[in-house]
J.: 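Here it is, the structure in full.
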Amino acid sequence: MRPHHFQPRYFVPSFAALGLALPFVFKPVHIDDTNFLALAEGARLDFWRPHSITINWQGTTQRAFEVLSNPPGIAWWLAPVLNAPQAIRHLWMLLWLPLLVWGAWQLGRRFAADGLGTCLLLLTSPIIVLSQQSLTPDLPLVALYLAGIAGFVMAMDKDRYGSAMAWAVLAGATCLFRYSGLVLLPLIPLYALLRRQPLWPAVGVLLPPLLLVVHDLAAYGQVHLLAMAAFQAVSLGWHDLFHKLAAGLAMIGGAGLLPFLAFSSRPARALGGVIGAIIGGLAVWVSGESLYEGIATVVFCTAACMLLAAATRPLLPKKLRRMFLSRGRNGTRLMARDDALFMAAWLWMGLFFLLALRFMAARYLAPFLAPLVIFWTSRRPNRALLYTTALLQGSLALAMAVDDYQQAAAQRDLARETVEQAHMLTYTSDQEYYFAGHWGWQYEMERAGWTPLEDGASLPVGAMLAVAETPWPQQPAQGTCLDPLWRQWAPDHFPGPRLHTAEGLANYHSYLVAGDPPQETYAPWTLADDPRERATLYRICPPGDGP
């Protein structure tokens, strides 16, 4: 057996990932970071019951158990660094990166005979890059997903069933961070079935979710997953499902994997592109977007369906399958059919699971990008094309990360400026301060001692209310007299892609932007220059005395 020699190229993906993450370790608390830090505060107060803490995240102060639809794993992980500087928190999250790199490399080597190419394409994906820069469960989820599946597959291939069970336990631990880890419950035994091997090693994947159920019953008297199933099942109408489908496709094509590799394949890829263009066009028409606003949606949906065509091939009858990828570049054979079925199941089960969630966000797609990447690296694409794709993806991810950083900084700075202005306009020692809005704005305002507004609540005359427009602000009681004292906005000086814009109708973090009524979005980014944030400071005046 040939000795294994050290090769510097093994570190290329790691250096690429760190290069795209380390410049942003000072990124302010942003979007859903806030609720996970609140959950971590719950873990600090009661490690056994982190969901017992209360939070105003949907307009009303509730127990986190009723409104935060994630397991406690991220709370337990963040609790030790809860009061640390922001850079330490981000570096703490990056400890998951080596596990992610190892899992991606092993999966790429096993299913595509290309660990380096798979790693480069996956780690330069904007969705993965932005997941590395947040305080959300996405990075640990992807790391456990990839490492758990890779370890299980490698152990089963070598008939090491005890080791395979241990890796299955690790894969099941994804359920501690996001419930999308449930997709692994049938996926792990599926691999054993396709390989015609014993099923008992796959039983290990059930251990973490079962322990989580026992924990929930002991801590809260009910299962959090079941409570969240009812919470999430509010957007299962046909319009909502189509909205999430089109948004998910646009997010894959615009922030998941650039479609350049698809252009090197057979003309049958055009069929996927036509289907994507139809879906994107229907989405634009249903939402009433203008031609300019809809361009990104149509382009990104088209790109996604071109990529997904390869993942559809294993599910087609044999005659239709010949129309799609049967051989790679220079006639090289693709992965075995059983392997292709396993990858297709991983991808499609994940995408169908996401359609059942309350809303769509680009980061939710992170654990399901690996099979999409592997389908394309298994084609043995031209190395120059592969490296060019990785370089362009990394450049796009960097530009998106800069924009997201500036959006987070804008909310932080505007919140601090609002607090300063409020104190300058305060004339009484018993002044009451309230704010409306969530995300990083909420984090900064609560740190300053302000109280979140209860949706529809009546406020005392003389109180101050600070409202930010973009982070879904709550509304005071109808007829509340609001005397505007001060207004300010954060302009956009960045010429690159915008990840959150009401003017361009794009949102990386959701499929809606706040407004009255909220506006539907699909594209994860577009080009726009509307203000990043607007804030208004009001004083509550006696009814009828307002301007």
Side-chain angles (χ1 to χ4, degrees), residues 31 126-127 130 239-260 262-263 270 272-308 359-363 365 392-393 395-407 410-411 468-472 489-534:
I31 309 292
I127 289 178
L130 288 170
H239 178 84
D240 291 320
L241 287 173
F242 178 74
H243 186 188
K244 285 185 284 188
L245 170 66
L249 290 175
M251 290 168 181
I252 290 173
L257 179 65
L258 293 185
F260 298 115
F263 297 154
V274 169
I275 294 173
I278 292 172
I279 293 175
L282 284 174
V284 171
W285 177 71
V286 167
S287 299
E289 294 183 1
S290 69
L291 178 62
Y292 171 74
E293 293 164 344
I295 288 176
T297 298
V298 174
V299 169
F300 293 156
C301 284
T302 301
C305 285
M306 291 178 68
L307 293 165
L308 288 168
F359 67 91
M360 183 64 70
R363 64 183 183 277
L365 296 160
L392 292 174
Q393 279 192 168
S395 301
L396 174 61
L398 182 62
M400 292 173 66
V402 169
D403 178 79
D404 208 43
Y405 183 100
Q406 293 191 4
Q407 183 73 24
Q411 285 199 335
E469 291 187 9
T470 65
W472 295 92
W489 63 90
D492 172 29
H493 299 298
F494 181 57
R498 283 287 299 275
L499 275 65
H500 186 286
T501 165
E503 180 182 279
L505 289 185
N507 190 357
Y508 173 90
H509 302 285
S510 181
Y511 69 162
L512 295 167
V513 291
D516 189 18
Q519 296 174 283
E520 294 184 347
T521 64
Y522 300 94
W525 61 269
T526 190
L527 299 177
D529 60 359
D530 50 321
R532 293 186 175 277
E533 185 58 276
R534 296 181 180 90

J.: Sequence neighbours left out, what passes side chain to side chain contact (heavy atoms under 4.5 Å, CB included) with P471? Give chain and number order.
T.: Q411, W439, W441, A468, E533

J.: In this structure, which one of H500, M360, Q519 forms a side-chain contact (heavy atoms from CB on, under 4.5 Å) with N507?
T.: H500

J.: For the CG atom of L245 and the CG atom of D240, what is their distance to the nearest 0.5 Å?
T.: 12.5 Å

J.: Under the side chain to side chain contact (heavy atoms under 4.5 Å, CB included) rule, collect the residues that match up with V274, sequence neighbours excluded.
T.: I278

J.: On a heavy-atom basis, which atom in A506 and which in P524 lie closest, and how many Å separate them?
T.: CB-C, 4.4 Å

J.: Who passes side-chain hydrogen bond (donor to acceptor under 3.5 Å, both in side chains) against E289, sequence neighbours left out?
T.: none

J.: Does any N or O in the side chain of H243 come within less than 3.5 Å of the main-chain N or O of T521, such that one atom is a donor and the other an acceptor?
T.: yes

J.: So which heavy atom on I127 is nearest to which on Y508, and how close?
T.: CA-OH, 3.4 Å

J.: Among residues at least two apart in sequence or on other chains, which ones pass side-chain hydrogen bond (donor to acceptor under 3.5 Å, both in side chains) with H509?
T.: D404

J.: Can I get a per-line list of side-chain donor-acceptor pairs under 3.5 Å for residues 280-288, giving both atom names and the distance, sequence neighbours left out?
T.:
{"unit_1": "S287", "atom_1": "OG", "unit_2": "A283", "atom_2": "O", "d": "3.3"}
{"unit_1": "S287", "atom_1": "OG", "unit_2": "E520", "atom_2": "OE1", "d": "2.6"}
{"unit_1": "S287", "atom_1": "OG", "unit_2": "Y522", "atom_2": "OH", "d": "2.5"}

J.: Y292 and L527: which non-hydrogen atoms are nearest, and at how many Å?
T.: OH-O, 2.5 Å

J.: Taking all non-hydrogen atoms of both residues, which atom of T501 and which atom of A528 are closest, and how far apart?
T.: OG1-CB, 3.4 Å

J.: Which pair of heavy atoms, one from F242 and one from I279, lies closest together, and at what distance?
T.: CZ-O, 3.7 Å

J.: Could you tell me if the side chain of M400 sits less than 4.5 Å from the side chain of L130, heavy atoms only?
T.: yes

J.: Give every donor-acceptor pair under 3.5 Å between a side-chain atom in residues 296-304 and any protein atom, sequence neighbours left out.
T.:
{"unit_1": "T302", "atom_1": "OG1", "unit_2": "A277", "atom_2": "N", "d": "3.4"}
{"unit_1": "T302", "atom_1": "OG1", "unit_2": "V298", "atom_2": "O", "d": "2.7"}

J.: Side-chain contact test, heavy atoms from C-beta onward, threshold under 4.5 Å: evaluate it for L308 versus L249 and give yes or no.
T.: yes

J.: Scan for salt bridge (Lys or Arg N to Asp or Glu O under 4.0 Å) pairs involving residues 492-505, sequence neighbours excluded, and state none if there are none.
T.: D403-R498, D492-R498, D492-R532, R498-D530

J.: Who passes side chain to side chain contact (heavy atoms under 4.5 Å, CB included) against L392, sequence neighbours left out?
T.: L258, F260, T388

J.: Quick one: list whatever passes side chain to side chain contact (heavy atoms under 4.5 Å, CB included) with P518, sequence neighbours left out.
T.: W472

